[in-house]
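Quick caveat, the model's predicted, so the values are computed rather than measured.
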2 protein chains.
Amino acid sequence: MSPRRSAADARQTRAAILARGVAIASVEGLEGLTIGRLADELTMSKSGVLGQFGSKQGLQLAVVDAAAAQFAEEVPDRTRDAAPGLPRLLALCEAWVSYVEREVFPGGCFFAAASGEFDDRTGPVRGAITGLITVWQRDLRQNVRIAIAAGDLPADTDADQIVFELTGQMLALNHAFRLHRDRSAPDRTRLAMGRLLGHPLPAAALQRV
Amino acid sequence: MSPRRSAADARQTRAAILARGVAIASVEGLEGLTIGRLADELTMSKSGVLGQFGSKQGLQLAVVDAAAAQFAEEVPDRTRDAAPGLPRLLALCEAWVSYVEREVFPGGCFFAAASGEFDDRTGPVRGAITGLITVWQRDLRQNVRIAIAAGDLPADTDADQIVFELTGQMLALNHAFRLHRDRSAPDRTRLAMGRLLGHPLPAAALQRV
DNA sequence: CCTACCGATCGGTAGG
DNA sequence: CCTACCGATCGGTAGG
């Protein structure tokens with residue numbers, strides 16, 4: 001096997017770097033993710049890692065995109081069976097709670113951690129993080145609006161307010177689960193979200209017994 | 001003026017280091033706070049900074065304590081006039097919203113940032129952060145219980161659940177205010193907290209005009 | 001994707 | 001609280 005690899009090999013290498021990078025960054029942060037450590041853990045040279053992304057910022061942007069793809073698989077993609085509006089909203093909330101409970105990322109919600117780390121900075125990495133979170137919240141809001149139009153939420157509901165409060169319960173769960181290792185936090189979150197939406201979360205009853 | 005300073009001078013130097021340290025750490029994080037940068041900004045030598053704390057971890061612990069003292073001044077100390085129970089609870093919530101709105105720390109809530117940074121680690125710094133947050137949440141819970149006993153909250157209220165949900169709204173505010181620069185977030189938080197407690201926050205009406 | 005470097009900066013120490 | 005260091009590690013480059 002020659003040291004010069006094919007394009008397919010390069011793609012595989014890139015995927016392996018990103019998988020490790022996402023896991024490390026969810027724990028150590030996107031700044032704490034270093035090229036040297038990544039190279040060490042993958043038994044590669046630093047320049048081999050860096051060559052794929054050009055710079056640390058390029059690596060960070062690729063890691064954010066890879067985390068977004070994984071999040072999409074683990075949360076919204078699991079709600080495809082639920083109809084738009086209240087059913088989808090409840091499914092998205094339950095999928096989010098489950099995503100934290102299952103510890104999809106070893107350091108908890110990747111985007112909660114990344115937004116806390118980059119909220120005081122400027123530049124493309126912050127932009128990528130805020131863009132992805134904005135899209136996620138727009139998806140929630142859209143389903144709130146459909147639920148209102150369908151009569152499944154009160155007509156005077158403020159969609160932005162509901163999304164704001166749901167976001168708070170998501171952050172509370174990540175906080176309590178990671179910092180206090182509070183195992184009752186997922187059910188507390190389900191309860192709070194169910195009250196906000198006037199309906200219990202779909203899987204909560206099953207998981208409670 | 002000789003290079004050998006008195007104990008009073010040393011105390012002043014220490015206070016100056018901690019004031020800068022808290023501000024830097026609220027933006028860059030407790031790991032991103034470096035001895036070299038601190039020395040630079042204070043036109044001191046690195047060893048002059050390090051000598052006060054022994055190690056970077058000693059500096060981090062002192063910075064956490066200094067931030068806790070400032071938080072105590074800016075939030076709970078401002079609610080001394082409110083009677084224990086629901087009045088104090090409403091005052092604590094309003095003081096917290098105001099603390100974020102006034103940007104007491106340049107990087108937003110110091111403890112929201114620090115707990116996100118250290119939630120996956122072990123050691124005394126994590127311990128100090130969790131300890132302070134636990135005390136703060138115990139204070140909230142205690143006032144919820146007094147409010148229940150006084151009949152100001154329903155008798156079947158779950159105090160831990162209320163504290164959990166209030167914490168979520170605090171985190172939602174910090175998140176929206178820092179990441180999205182959403183200026184409507186403070187009033188959204190007031191609204192959510194007021195609903196949770198069944199009473200509007202004390203200063204909200206005045207500030208709304 | 002590798003070896004062999006680069007200057008800058010990290011936390012920390014010796015000794016005054 | 002200073003100067004003068006230390007080894008380790010940072011992101012990144014040259015050249016193959």
Side-chain angles (χ1 to χ4, degrees), chain A residues 1-21 24-25 27-64 117-118 121-126, chain B residues 1-22 24-25 27-64 117-118 121-126 128:
Chain A
M1 203 188 266
S2 92
R4 203 112 241 165
R5 313 292 185 81
S6 71
D9 285 337
R11 236 177 290 125
Q12 254 186 17
T13 302
R14 186 186 170 93
I17 296 169
L18 289 176
R20 286 294 315 138
I24 294 173
V27 172
E28 311 282 350
L30 282 162
E31 283 300 330
L33 172 66
T34 69
I35 295 157
R37 174 170 171 188
L38 210 38
D40 248 34
E41 292 195 14
L42 295 163
T43 39
M44 290 177 61
S45 68
K46 289 200 317 177
S47 71
V49 172
L50 200 53
Q52 292 270 1
F53 309 100
S55 67
K56 175 153 187 185
Q57 185 176 95
L59 169 65
Q60 290 174 325
L61 288 168
V63 163
V64 169
E117 188 180 2
F118 277 79
R121 310 190 187 206
T122 55
V125 179
R126 184 194 200 279
Chain B
M1 201 187 264
S2 92
R4 202 111 241 165
R5 313 292 185 79
S6 71
D9 284 338
R11 236 176 292 126
Q12 254 186 16
T13 301
R14 186 185 169 94
I17 295 170
L18 289 176
R20 287 294 315 136
V22 166
I24 294 172
V27 173
E28 311 283 350
L30 281 161
E31 284 299 330
L33 172 66
T34 69
I35 296 158
R37 174 170 171 188
L38 210 37
D40 248 36
E41 292 195 15
L42 295 163
T43 40
M44 289 177 60
S45 67
K46 288 199 319 178
S47 71
V49 172
L50 200 54
Q52 292 270 0
F53 309 100
S55 67
K56 175 153 186 185
Q57 186 176 94
L59 169 67
Q60 289 174 325
L61 288 168
V63 164
V64 168
E117 188 180 2
F118 277 79
R121 310 189 187 211
T122 55
V125 179
R126 183 193 201 279

Q: Describe the nucleic acid contact of B/Leu50 in one word from base, sugar-phosphate, nothing, applying a heavy-atom distance below 4.0 Å.
A: base
Q: I want to check one thing: is the phosphate of C/dG11, taken as OP1 and OP2, less than 4.0 Å away from some side-chain N or O of B/Ser55?
A: no
Q: Between A/Gly36 and B/Thr43, which is nearer to the 5' end of DNA chain D once each is assigned its nearest nucleotide?
A: B/Thr43
Q: Send over the distance from A/Arg37 CZ to C/dC10 C1', rounded to a whole Å.
A: 17 Å
Q: Once hydrogens and angles are ignored, does a donor-acceptor distance under 3.5 Å link the base of D/dG12 to the side chain of A/Lys56?
A: no
Q: If I take atom OG1 from residue A/Thr34 and atom CD1 from residue A/Ile24, how far apart are they, to the nearest 0.5 angstrom?
A: 7.5 Å
Q: Once you round it to whole Å, what is the distance between P of C/dC1 and CD of A/Gln12?
A: 10 Å
Q: Atom CG of B/Asp40 and atom P of C/dG11: how far apart are they, to the nearest Å?
A: 12 Å
Q: Atom CG of B/Leu38 and atom C1' of C/dC10: how far apart are they, to the nearest Å?
A: 14 Å
Q: Starting from C1' on D/dT13, measure out to CZ on A/Phe53 and report it in whole angstrom.
A: 18 Å
Q: Between B/Arg11 (CZ) and D/dC1 (P), how many Å, whole number?
A: 12 Å
Q: Go through C/dT3, C/dC10, D/dG11 for me and flag the one nearest to the A/Lys46 side chain.
A: D/dG11
Q: Under 4.0 Å between a side-chain N/O of B/Thr13 and OP1 or OP2 of D/dC1, yes or no?
A: yes
Q: Please report, rounded to the nearest Å, how far the P atom of C/dG11 is from the CD atom of B/Gln52.
A: 17 Å
Q: C/dT9 P sits how many Å from B/Leu33 CG, rounded?
A: 16 Å
Q: I'd like to know if A/Glu117 pairs up with A/Arg126 as an ion pair, taking the criterion as any Lys NZ or Arg NE/NH1/NH2 lying under 4.0 Å from an Asp or Glu carboxylate oxygen.
A: no
Q: Checking contacts here: which listed nucleotide (C/dG12, C/dC2, C/dT13) is nearest the side-chain heavy atoms of A/Ser47?
A: C/dC2
Q: Testing the basics here: between B/Lys56 and B/Leu33, what is the closest heavy-atom pair and its distance to 0.1 Å?
A: NZ-O, 2.9 Å
Q: Between D/dC10 and A/Thr34, is there an OP1 or OP2 to side-chain N/O distance shorter than 4.0 Å?
A: yes
Q: In the strands shown, is D/dC5 matched to any nucleotide by a Watson-Crick or G-U wobble pair with both distances under 3.5 Å, and which?
A: C/dG12
Q: Can you see which heavy atom on B/Pro124 is nearest to which on B/Leu61, and at what distance?
A: O-CD2, 3.6 Å
Q: Please report the interatomic distance CG(B/Leu50) to CG(B/Leu59), rounded to the nearest 0.5 Å.
A: 8.0 Å
